[in-house]
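What follows is a set of notes on a single structure, which appears directly below.
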Amino acid sequence: MIDTHCHLDATRFDPDRPAVLERAWAAGLHGIVIPGVGPHDWEPLLELSRQDARLQVGLGIHPQLLPELPPEEDEAVLEHLDALLSRGGAAAVGECGLDGPSLPGAPLERQVSVLRRHLALARKHGLPVLMHCHRLHPALIDLMKQEELPEAGVLMHSYSGGVELARFYLQKGCHFSFAGPVTWAEARKPLDALRAIPLERLMVETDAPDQAPTPHRGERSEPGYLPHIIAGMAHVRGEPVEEVARRTTENARRFFREAFPPPSR
């Protein structure tokens with residue numbers, strides 16, 4: 001099993017990060033993708049990955065961070081990102097994307113401009129993109145109709161949209177990752193999409209420390225809870241848990257270009 005989106009560098013893990021990782025490996029995980037959200041993350045994450053190949057990283061600017069960054073520095077920050085990606089060590093570009101609640105501090109024009117640059121960097125460096133989209137799917141669809149997507153692919157992180165949106169993203173070649181909400185009793189719209197998405201386009205994530213699955217809802221999430229999410233996905237799709245675990249792991253290995261070491265026997 002591979003957790004394709006886990007903010008392991010979040011401060012909420014500072015007290016017990018080694019124990020969190022031990023629980024993850026004990027739960028059967030073979031790898032974790034840690035998405036960088038801003039320039040302060042990038043170098044430490046690359047170092048973390050150098051220390052343990054089971055930890056792969058993405059480098060990007062999260063749209064929720066843009067209000068904290070001076071707009072006049074966008075170009076310099078993106079050039080720094082380009083330079084780091086040129087050195088190697090990153091498995092993806094992102095987390096990046098569009099975020100509706102962040103519009104007051106980061107207007108849509110700026111968010112779209114920064115996302116375009118992320119897509120260009122992914123094309124340049126042959127890397128996939130970890131895509132965040134919250135309450136701005138119409139704007140993302142408009143962008144995807146205009147922009148060439150990276151050949152390495154786009155992963156719609158913690159997908160929460162409906163079936164019709166999913167059909168558009170499928171036509172664009174996107175993959176989809178689902179998190180803890182697929183286990184929540186009130187979940188509806190993303191479950192309909194989950195049933196409609198071919199298994200070869202699916203991956204799984206915890207988005208830890210957020211979105212903990214049942215039976216840990218309301219607590220800090222962690223990568224060791226990934227089996228609960230896989231079980232929830234299998235239940236929704238009416239497929240064996242073992243098959244969903246195997247296929248989503250294969251998909252993640254292929255999507256991240258075999259960046260993870262093979263599991264030890």
Regarding [X] and [Y], do their side chains bring together a donor and an acceptor under 3.5 Å, going by distance alone?
{"X": "Ser177", "Y": "Glu205", "value": "yes"}
{"X": "Glu200", "Y": "His175", "value": "no"}
{"X": "Thr206", "Y": "Asp3", "value": "yes"}

*Quick check: does any side chain N or O of Thr183 sit under 3.5 Å from a backbone N or O of Gly180, one acting as donor and the other as acceptor?*
yes
*Are side-chain heavy atoms of Glu79 and Asp74 found at a separation under 4.5 Å?*
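Glu79 does not reach Asp74 side chain to side chain.
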To the nearest 0.5 angstrom, please state how far the [atom1] atom of [X] sits from the [atom2] atom of [Y].
{"X": "Cys96", "Y": "Leu65", "atom1": "SG", "atom2": "CG", "result": "12.5 Å"}
{"X": "Leu48", "Y": "Glu43", "atom1": "CG", "atom2": "CD", "result": "13.0 Å"}
{"X": "His62", "Y": "Leu69", "atom1": "NE2", "atom2": "CG", "result": "12.5 Å"}
{"X": "Asp99", "Y": "Leu66", "atom1": "CG", "atom2": "CG", "result": "9.5 Å"}
{"X": "Ile34", "Y": "Leu55", "atom1": "CD1", "atom2": "CG", "result": "4.5 Å"}
{"X": "Tyr225", "Y": "Thr214", "atom1": "OH", "atom2": "OG1", "result": "12.0 Å"}

Nearest heavy-atom pair of [X] and [Y]: which atoms, and what distance?
{"X": "Ala212", "Y": "Trp184", "answer": "O-NE1, 3.1 Å"}
{"X": "Met203", "Y": "Ala252", "answer": "SD-CA, 3.6 Å"}
{"X": "Ile2", "Y": "Arg253", "answer": "CD1-CG, 3.7 Å"}
{"X": "Leu98", "Y": "Gln111", "answer": "CA-OE1, 3.3 Å"}

*Is the His80-Trp42 ring centre distance short of 6.0 angstrom?*
yes
*Test of ring centre spacing under 6.0 Å for Phe178 and His157*: no
Please tabulate, one pair per line, all N/O donor-acceptor pairs under 3.5 Å involving side-chain atoms of residues 229-237, not counting sequence neighbours.
residue, atom, partner, partner atom, Å
Arg237, NE, Glu239, OE1, 2.9
Arg237, NH1, Leu194, O, 2.7
Arg237, NH1, Ile197, O, 2.7
Arg237, NH2, Glu239, OE2, 3.2

Please table the atom pairs, donor to acceptor, closer than 3.5 Å between any side-chain atom in residues 159-168 and protein atoms at least two apart or in another chain.
residue, atom, partner, partner atom, Å
Tyr159, OH, Gly162, O, 2.8
Tyr159, OH, Ala166, N, 3.0
Glu164, OE2, Arg167, NH1, 2.3

*What salt bridge (Lys or Arg N to Asp or Glu O under 4.0 Å) pairs are there with at least one residue in residues 30-41, not counting sequence neighbours?*
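Listed by first then second residue: nothing to list.
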*Using the side-chain hydrogen bond (donor to acceptor under 3.5 Å, both in side chains) rule, take Glu95 and His5 through it: C-alpha gap first, then chi angles, then the decisive distance, then the call.*
CA-CA 9 Å; Glu95 184 176 356; His5 202 103; 3.0 Å; yes
